[in-house]
2 protein chains.
Amino acid sequence: MEYTIKHVSERLRLPISTLRYYDREGLMPLLKRTETGTRKYSETDISWLELVCCLKNTGMPIEEIKEFMVLCLTGSTTSEQRKELLEQHKANILGQMEMLNRSLEMINYKLKNYNKIGIFHIDTY
Amino acid sequence: MEYTIKHVSERLRLPISTLRYYDREGLMPLLKRTETGTRKYSETDISWLELVCCLKNTGMPIEEIKEFMVLCLTGSTTSEQRKELLEQHKANILGQMEMLNRSLEMINYKLKNYNKIGIFHIDTY
DNA sequence: CCTTGACCTGAAGTTAAGTTTAGCCTTTAT
DNA sequence: ATAAAGGCTAAACTTAACTTCAGGTCAAGG
């Protein structure tokens with residue numbers, strides 16, 4: 001089954017302009033077209049886009065996602081590199097989680113003071 | 001005790017240009033200066049900057065951090081609003097954590113397949 | 001005295017990730 | 001047959017958060 005850009009846009013909640021942008025940037029090098037140039041997304045394309053979103057949402061730049069795609073295109077000789085890239089990104093995500101935890105702690109601390117008294121005026125920020 | 005911009009830059013690992021930028025954007029309305037215009041950071045200023053970093057690192061836009069500061073300046077009548085703002089942001093952070101967890105799950109799944117066989121070639125991305 | 005290093009400003013430049021615009025071509029429903 | 005809906009492109013525009021630049025002031029050391 002193949003899907004129009006509008007369908008994919010609704011299913012993944014990505015603006016059409018973003019889908020075209022990703023294609024333009026080389027993230028979808030295998031995307032098929034009709035004879036007249038209309039994009040035809042396959043289930044495989046959609047799965048890939050889901051991974052793209054996951055990587056993007058966790059802070060991987062488009063450029064790096066593209067590198068990953070290029071490695072995929074290059075074939076099975078690059079599988080070690082691709083795994084390494086994902087492991088790196090995983091470490092990155094774990095780092096982000098730590099950071100969020102530390103920040104949450106700080107905010108909870110501020111909120112605690114806030115609830116006690118009307119602290120948090122200008123002297124203490 | 002008061003500190004130079006260079007000192008604060010090193011202590012908080014923020015470029016000097018960023019510290020000046022935050023000041024320019026109205027994040028440091030109480031920052032003192034020497035007669036000749038050199039910035040003098042107090043411990044209180046540094047604590048505030050630490051909170052700024054925490055909010056910024058967790059995705060709060062500068063504009064909103066400024067709003068928070070303006071509420072602080074306005075006085076104790078705004079304490080409910082400030083608390084609300086922090087609660088909102090806390091919810092935001094919890095949302096980010098969930099997202100990171102979901103993403104991590106997906107990446108772990110991909111890595112698992114990766115370790116099994118040389119999957120993740122172009123058919124499945 | 002004068003040079004060096006740290007500070008200042010306003011303005012322009014940068015980067016990522018889209019979005020918008022303008023103009024043009026199909027396909028579909030009336 | 002014609003108008004609406006949806007697709008396309010290239011190119012310009014946008015936004016946030018900085019950074020860089022050009023040019024100027026000031027305090028301390030040799």
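The structure presented is a predicted model; accordingly, all values stated were derived computationally and were not measured. Lettering follows sequence order; numbering is per chain, from 1. Heavy atoms only: backbone and side chains are in, while hydrogens, waters and symmetry mates are out.
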key: Integer-rounded Å distance: C:dC8 C1' and B:Lys6 NZ   = 16 Å
task = Write down the distance between CD1 (B:Ile16) and C1' (D:dC18), rounded to a whole number of angstrom.
result = 15 Å
query = Within the structure, does a side-chain N or O atom of B:Tyr21 lie under 4.0 Å from either OP1 or OP2 of D:dA16?
reply = no
inquiry  = Any carboxylate oxygen within less than 4.0 angstrom of a Lys/Arg side-chain nitrogen, looking at A:Arg11 and A:Glu43?
reply    = yes
ask   = Are A:Arg20 and D:dC8 close enough that a side-chain N or O sits under 4.0 Å from OP1 or OP2?
value = yes
request  = Tell me whether the OP1 or OP2 atom of C:dA11 has a side-chain N or O from B:Arg24 closer than 4.0 Å.
outcome  = no
inquiry  = Base, sugar-phosphate or nothing for B:Thr4? Non-hydrogen atoms, less than 4.0 Å.
reply    = sugar-phosphate
D:dG6 phosphate, OP1 or OP2, under 4.0 Å from A:Thr38 side-chain N/O = no
note = The residue, B:Thr36 or B:Glu63, whose nearest nucleotide of DNA chain D is more 5′ is B:Glu63
query = What is the nucleic acid contact for A:Ser17, judged by heavy atoms within less than 4.0 Å: base, sugar-phosphate only, or nothing?
reply = base
ask   = D:dA16 P sits how many Å from B:Asn57 CG, rounded?
value = 18 Å
ask   = Does the B:Thr78 side chain pair with the main chain of B:Gln81, one donor and one acceptor, at a distance under 3.5 Å?
value = no
task = Verify the contact: side-chain N or O of B:Thr18 to OP1 or OP2 of D:dA17, cut-off strictly under 4.0 Å; return yes or no.
result = no
ask   = Residues in side chain to side chain donor-acceptor pair (under 3.5 Å) with A:Asn108, at least two apart?
value = B:Lys90
query = Any side-chain donor paired with an acceptor under 3.5 Å for A:Gln96 and A:Asn92?
reply = yes
